[in-house]
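This one's a predicted model, so the numbers in the text were calculated from it and none came from an experiment. In listed order, ligands and their atoms are each counted from 1.
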Amino acid sequence: MWWKNGVIYQIYPRSFMDSSGDGIGDLRGAHARLDYLVDLGIDAIWFSPIFPSPQADFGYDVADYTGIHHEYGTQADFDALLTAAHARGIKIILDLVPNHTSSAHRWFVESRSSRDNPKRDWYIWKDPKPDGSPPNNWLSYFGGPAWTFDAHTGQYYMHNFDPGQPELNWRNPDMVAALFDDIRFWLRRGVDGFRIDVIDRIIKDAEFRDNPPNPNWKPGDLEVGSLSRVHSEAAPGIHDMIRQIRAVFDEFPGTVAIGELAYDLSVEETVAYYGAKREGENSGDGVHMPFNFGLLLKAWRADVFRAYVDEYDAAIPSFGWPNYVLGNHDIGRIASRYGRAQARVAALLLLTLRGTPTLYYGDEIGMTNTPIPEHRVLDPQGRNKAGFNRDECRTPMQWDDSPHAGFSTAPDTWLPVAPDYPQVNVAQQRAEPSSTLNFYRRALAYRRAHASLHGGEYASIDAPEGVFAYWRTAGDERHLVALNFTERAQTLTFDAAGGELVISTHPASEGRTLDAGEVALTADEGAIIRIR
Ligand code: NOJ
């Protein structure tokens with residue numbers, strides 16, 4: 001199945017390629033860069049939302065699930081992109097935002113128009129407490145209460161995120177049926193799947209009880225963390241609802257549903273989203289892949305990573321398929337979190353663990369977080385100082401050393417281009433054999449060509465402190481992956497007569513023959529060893 005053995009590449013549409021000259025990325029721009037992605041060696045593109053939106057949360061506030069945002073192009077542009085991607089063997093995954101719409105969605109416009117509007121119950125409306133305050137203590141991720149008062153009808157509506165993102169009521173079957181039709185609209189057009197935004201949050205406590213305080217919270221930490229979110233999300237009934245979502249995807253065999261979850265879930269909570277095994281089938285009734293964010297917030301330490309991967313890999317149900325994420329549009333860039341040299345080791349990890357990797361645009365050239373001057377901050381989370389300013393990891397793709405990094409011909413771009421673009425860009429790295437881009441290309445091509453890496457078994461081995469090493473095996477084909485998380489040279493011994501070092505973060509090592517079961521790694525080196 002393509003989504004098991006392939007590699008997913010996330011495009012943040014505003015920032016990938018601008019074809020129209022307005023400083024904002026668009027679909028024709030992405031279309032024009034498809035051959036770059038073929039050359040890179042990925043299998044599927046996940047587009048963050050491309051639907052009409054006031055952009056209060058840059059597309060995660062959807063005003064119409066079945067249209068295309070005017071700054072990104074037209075339906076015809078999308079169809080052309082889909083056809084061109086398919087012609088190149090690339091699948092297209094869109095981004096479904098089912099937990100909330102934009103306040104500009106016609107459903108919400110109707111819902112807020114009167115208390116007896118037929119769509120009133122499609123959203124979550126509650127009376128104020130007798131003193132006029134919000135119905136309960138739930139907090140928004142972007143700061144402040146999760147409730148906004150609507151004077152026109154005298155009730156509060158709920159929003160986990162921006163007030164411009166009212167929560168849909170998943171206990172209303174008419175709303176659910178309408179949303180399912182909107183999903184079908186795209187699957188019928190040939191879209192290969194959806195990444196599903198905050199899928200664990202669609203069902204809240206039926207009684208809207210207060211969240212209890214979080215005992216681990218300290219003053220100075222983010223306000224949203226002061227409560228445990230036990231009632232505001234993942235309430236009983238969540239898995240039944242996801243089963244119904246999955247049934248829509250099952251109408252279109254071969255499509256994939258990938259669920260986005262909270263970052264702080266345990267392995268057990270994460271794997272519960274595969275659902276239950278279906279009688280007589282090797283599949284579950286949950287999402288095909290619940291995004292695995294377990295490594296995202298971990299310290300860069302071999303023992304920490306090994307412990308997590310061992311636990312997660314062992315917990316995947318027999319009918320499930322693992323996946324790994326190290327970066328996306330909500331968190332700091334890999335090269336900023338771990339360091340530039342370490343980022344290559346992290347990439348090799350991502351591309352060689354058992355499971356589907358999701359890459360974030362620009363990580364393949366080692367883009368870093370870009371500080372954004374205060375007056376240019378656009379991200380609602382950044383503006384409210386409610387956490388990391390996500391603009392920093394959403395700056396335009398760096399294609400070459402021409403103005404605006406070849407991203408746009410506009411006088412200015414929607415977010416500033418990172419100042420390192422004259423040195424860090426696709427054109428420069430394509431020409432430099434030892435670049436991060438060429439390292440990704442080699443690793444992706446090698447992974448594609450070897451079943452043990454894109455589909456085989458995983459087993460970690462004991463290694464010197466600071467080294468994470470594991471076997472990947474399929475039939476007679478065997479590879480050892482050895483990752484040095486430290487800045488000192490290390491030697492790893494392994495149980496095999498020898499092999500060849502086929503891929504390394506340090507290309508000069510590639511092609512080395514290893515006669516004994518021993519490999520010497522330099523500082524921050526990751527390597528794939530093919531066992532003879
Ligand atoms: C998760 C998305 O990845 C993030 O960018 C967005 O702000 C929230 N969900 C709300 O949709």
Side-chain angles (χ1 to χ4, degrees), residues 8 10-16 25 46-65 69 93-105 108 123-124 138-144 146 148 157-168 170 179 194-202 204 222 224 229 232-234 257-265 270 273 287 289-293 296-297 323 325-333 358-361 369 377-395 414-415:
I8 301 172
Q10 180 189 359
I11 288 184
Y12 197 67
R14 276 186 110 63
S15 294
F16 196 60
W46 150 35
F47 280 96
S48 279
I50 55 173
F51 316 111
S53 164
Q55 307 288 328
D57 189 19
F58 296 99
Y60 286 93
D61 49 323
V62 177
D64 172 3
Y65 290 106
H69 181 62
I93 299 171
L94 296 184
D95 204 319
L96 177 72
V97 189
N99 179 67
H100 44 268
T101 66
S102 161
S103 51
H105 196 294
F108 188 71
Y123 291 83
I124 297 179
W138 297 356
L139 296 170
S140 153
Y141 281 84
F142 293 166
T148 288
Y157 67 87
M158 193 210 149
H159 51 87
N160 257 311
F161 299 94
D162 191 77
Q165 294 168 294
E167 307 265 316
L168 286 163
W170 276 78
L179 194 61
F194 278 96
R195 172 266 192 192
I196 307 179
D197 194 67
V198 296
I199 197 168
D200 53 342
R201 264 151 271 190
I202 59 176
K204 299 94 168 109
L222 285 181
V224 68
R229 309 179 310 267
S232 54
E233 50 199 64
I258 305 170
E260 193 222 9
L261 306 172
Y263 284 23
D264 53 0
L265 298 192
T270 302
Y273 287 88
V287 289
M289 290 193 289
F291 259 151
N292 167 22
F293 296 134
L296 272 183
L297 306 175
N323 76 93
V325 177
L326 286 184
N328 62 32
H329 62 293
D330 291 330
I331 186 157
R333 289 268 179 192
T358 301
L359 310 180
Y360 183 50
Y361 87 93
N369 293 344
V377 174
L378 298 174
D379 170 29
Q381 180 171 293
R383 275 205 319 264
N384 296 344
K385 304 212 177 337
F388 173 61
N389 170 24
R390 300 173 299 175
D391 294 340
E392 294 192 11
C393 66
R394 298 173 175 179
T395 57
W414 80 284
L415 282 177

For [X], the ligand 1 atoms whose distance to one of its heavy atoms is below 4.0 Å:
X      : result
Arg394 : 5 (O)
His100 : 10 (C), 11 (O)
Val198 : 9 (N)

So is [X] in contact with ligand 1, going by heavy-atom distances below 4.0 Å?
X      : answer
Tyr141 : no
Gln381 : no
Arg195 : yes

May I ask you to identify the nearest protein heavy atom to [atom], giving residue, atom name and distance to one decimal place in Å?
atom                   : value
atom 1 (C) of ligand 1 : Asp197 OD1, 2.9 Å
atom 8 (C) of ligand 1 : Phe161 CE2, 3.8 Å
atom 6 (C) of ligand 1 : Asp57 OD2, 3.3 Å

> Just by modelled atom types, is the Gln381 backbone N or O under 3.5 Å from a matching donor or acceptor in the Tyr141 side chain?
Replying inline: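 Side chain of Tyr141 to backbone of Gln381, a donor-acceptor pair under 3.5 Å: no, none is there.
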> Can any side-chain N or O of Gln165 pair as donor or acceptor with the backbone N or O of Tyr60 at less than 3.5 Å?
Replying inline: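 Checking the backbone N and O of Tyr60 against the side chain of Gln165, a donor-acceptor pair under 3.5 Å is found.
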>> The test is ring pair (Phe, Tyr, Trp, His ring centres under 6.0 Å); show your working for Tyr12 and Phe58 and say whether it passes.
In response: CA-CA 10 Å; Tyr12 197 67; Phe58 296 99; 7.6 Å; no
> Cation-pi between Arg14 and Phe47: NZ/CZ under 6.0 Å from ring centre and within 45° of the ring axis?
Replying inline: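 No, Arg14 and Phe47 do not form such a contact.
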>> Could you check whether Asp162 pairs with Arg383 (Lys NZ or Arg NE/NH1/NH2 to Asp/Glu carboxylate O, under 4.0 Å)?
In response: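 No.
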> Side chain or backbone of Phe142 under 4.0 Å from ligand 1, or both, or neither, by non-hydrogen atoms?
Replying inline: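 Phe142 to ligand 1: side-chain contact only, backbone stays beyond 4.0 Å.
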